[in-house]
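In this chain, numbering begins with 1 at the start of the sequence shown. Quick caveat, the model's predicted, so the values are computed rather than measured.
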Amino acid sequence: MTIPQFLFNTGVLYKVQKPGRYLGDEYNQINKKGKHTISLCFPDLYEIGMSHTGFQILYDYFNKSNDRVSCERVFLPWKDMIYEMEKSDIELFTLESFKSVKETDVLAFTLQYELSYTNMLKVIELSKIPIYSKERKNEHPIVIAGGPCTTNPEPVADFIDVFFIGDGETVIDDITSIVAKDISREEKIKAFSEIEGFYVPKYYETFESKRGLTIPKIDENSKRVKAKKVVDLNDYDFPTEQIVPNIEVIHHRANIEVMRGCNRGCRFCHAGMFYRPVRERDSKYISSKTKEIIENTGFNEISLLSLSTLDFSDLNNVLDSIQDYLKDNRISISLPSSRVDKFGLEISQKVQSGRKSGLTFAPEAGSQKLRDAINKGISEEDIDEVMKIAVENGWRKVKLYFMIGLPNETDEDVEAIVELARKIKKEYKIKSLNVNVSIFVPKTHTPFEYAEFLDMETIKRRMKILYQMKNYKIKLSIHDPYESYIEVILARGDRKLSELIKYITFEENGIFQQNDRNFNFNSWGRGLQKLHIDARKYTNEFEISEEMPWKVIDTLIEDKFLRDEWVKSKENSLTPDCRWGKCSICGVCINKEYKLKRNK
């Protein structure tokens, strides 16, 4: 391994934790010499970014798309490295060639969670690139952002030149072809604006709504930006030569995406709506690629990824086809983010051997009323059946996930969480029961995008109800409600929040805010007060007819569907799973030949 001269001379690597974060030269790293370079950035620590499957997919596709364009990785260094870099005047660099990000053609962010916005600004500053889009010149990289957060790009619209909304695979060739053109920076940005799925904020005039929010104007010249999605996953190869990190990362294993999207229709779930519709990979392809990935990486664990892997229609055949190979090579398999029911337990029996690990599932709400309101689609009888079969088959450790602060929730609904957990602990003689509770955050482009964020006084009162669990020897963990409060402001925000994000980043040194140990609500409180921002504009309930900043983006889900689902939630009415019954007419599949298998 060759340490670049600027790192060797300054000696910064000897002064920081985990220097492996900054060295590159990993197994399967792509070292490509293109005339143009894209800096692909996950604005968080190396360990987190390298665990993200979508990041590895983009890296692989960018490097294979155009001979003239290379793609290199960038992450936000930890605080100790930032201190040393600033002290030694070292600009942020890529891990492949150690090139300064400022010297590349594009800085492309994947934005997975709103609290990473301050990290994004710190990356731009460390790269010595002007923070505001309007201040960048022809010599600066074009700053692009994609990912789930771009369904409401407005809070960071002043910092980003171009947004992409949808599945990244669909526009890799568009991006690399524009980057490779010998035209000016401004001409390239204009070219992006003319392609479906790209949003260039500066081309949109804004006006102020009755609520006082800054809204992008939609007219014949500035239309809503439609998300661009993969029609058939089988048209896109999954990367098999995945990078093996230098240090242990959050998910230190090989991955293969088996399915994209979720058919369950939970009304609070942004991912379930954003990644619609369900698209599956061919089961024979998955089986062969699983073996190839293991051979190419040497990992001893493979994960079959999706939002709900147990909903994959041909899962049994996939598992049967690879089981002998995995057993012979002592490879373990995981099925994360899966539902748990009778079928789920049968599958868990198949993939686990020997000592049982913990069983995890998410009722989300304690009362049947609320489970119906959020369209969870499970009854207490279903939960009882799961627990009965689990205990009979040797599970004694259980983790449950719930939310409080859901629309139309009462204290009695929260007490029902306590009662359900107590019942599971007592009746099924569970030795270790962990209950994790999050605070509901209304997200854009979901049926609950209209909902209010519950006032802090009520949240705290309901948290006290949950503390009763400790009397039953149940381990309780509750997410910080103040963190959720800031999250909803950013999730439903407008361009007026750009000054707040900038203030937190640089005046309060508020980076890594998505980490509980680093989140500082006092900083955000000072920022809101200093900038005279009324948080209630973002946390209060929205009227169905109101103008919303994020409606400049069209995720392909019809607004009528979202409105109807919002009304049905108030009636505690269920919408059936569209793969098991009739189409729910959400709008995503209209005029598209999506290749999906309907369960029989």
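- Rounding to the nearest 0.5 Å places NE2 of H251 at 9.0 Å from OG of S334.
- There is a side-chain donor-acceptor pair under 3.5 Å between Q112 and T110.
- Among pairs with a residue in residues 262-284, those fulfilling ring-ring contact (aromatic ring centres under 6.0 Å, His included) read H270-F274, at least two apart in sequence or across chains.
- Close placement of the F440 and F448 rings is indicated, their centers lying within 6.0 Å of each other.
- A salt bridge links K18 with E47; the closest basic N to acidic carboxylate O contact falls under 4.0 Å.
- In this view, N31 and Q29 satisfy the side chain to side chain donor-acceptor pair (under 3.5 Å) rule, not counting sequence neighbours.
- Atom NZ of K475 sits in a sparse spot, with 12 or fewer heavy atoms from other residues, nucleotides or ligands closer than 6.0 Å.
- Annotation: side chain to side chain donor-acceptor pair (under 3.5 Å) contacts of E295 (sequence neighbours excluded): Y325.
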Audit row: N329, K291, side-chain hydrogen bond (donor to acceptor under 3.5 Å, both in side chains) steps and yes/no
CA-CA 10 Å; N329 291 277; K291 298 171 186 176; over 6 Å; no

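- With sequence neighbours left out, F6 forms a ring pair (Phe, Tyr, Trp, His ring centres under 6.0 Å) with F93.
- Counting non-hydrogen atoms of neighbouring residues, nucleotides and ligands closer than 6.0 angstrom, the CG atom of D320 exceeds 12 such neighbours.
- With sequence neighbours left out, H52 forms a ring pair (Phe, Tyr, Trp, His ring centres under 6.0 Å) with F42.
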Does K228 form a salt bridge (charged side-chain N to carboxylate O under 4.0 Å, His left out) with D174? I'd like the steps, not just the answer.
CA-CA 12 Å; K228 196 170 182 180; D174 293 323; 3.7 Å; yes

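- The salt bridge (charged side-chain N to carboxylate O under 4.0 Å, His left out) test applied to D384 returns K423, not counting sequence neighbours.
- By the side chain to side chain donor-acceptor pair (under 3.5 Å) test, D237 pairs with Y285, sequence neighbours left out.
- Pairing each heavy atom of Y59 with each of C71, the nearest pair is CE1-O, 3.5 Å.
- Side-chain contact annotation: S70 with K33, donor-acceptor N/O pair under 3.5 Å absent.
- Applying the ring pair (Phe, Tyr, Trp, His ring centres under 6.0 Å) test to H252 and every residue at least two apart in sequence or in another chain returns F299.
- For W78 and F512, the ring centers sit closer than 6.0 Å to each other.
- Judged purely by distance below 3.5 Å, without hydrogens or angles, the side chains of T555 and T151 never pair a donor atom with an acceptor atom.
- Side chains of D44 and Q514: a donor on one and an acceptor on the other come within 3.5 Å.
- By the side chain to side chain donor-acceptor pair (under 3.5 Å) test, D480 is found to be paired with no residue, residues two or more places apart in sequence or in another chain being considered.
- Residue pairs meeting the salt bridge (Lys or Arg N to Asp or Glu O under 4.0 Å) criterion with at least one partner in residues 260-271, sequence neighbours excluded, are D167-R260, E169-R260, E257-R260, R264-D311, R267-E565.
- With hydrogens and angles left out, the side-chain atoms of D173 and S65 include a donor and acceptor closer than 3.5 Å.
- Judged as a salt bridge (charged side-chain N to carboxylate O under 4.0 Å, His left out), and not counting sequence neighbours, the contacts of E96 are R73.
- Every residue two or more places apart in sequence or in another chain was checked for a ring pair (Phe, Tyr, Trp, His ring centres under 6.0 Å) with F238, and none qualifies.
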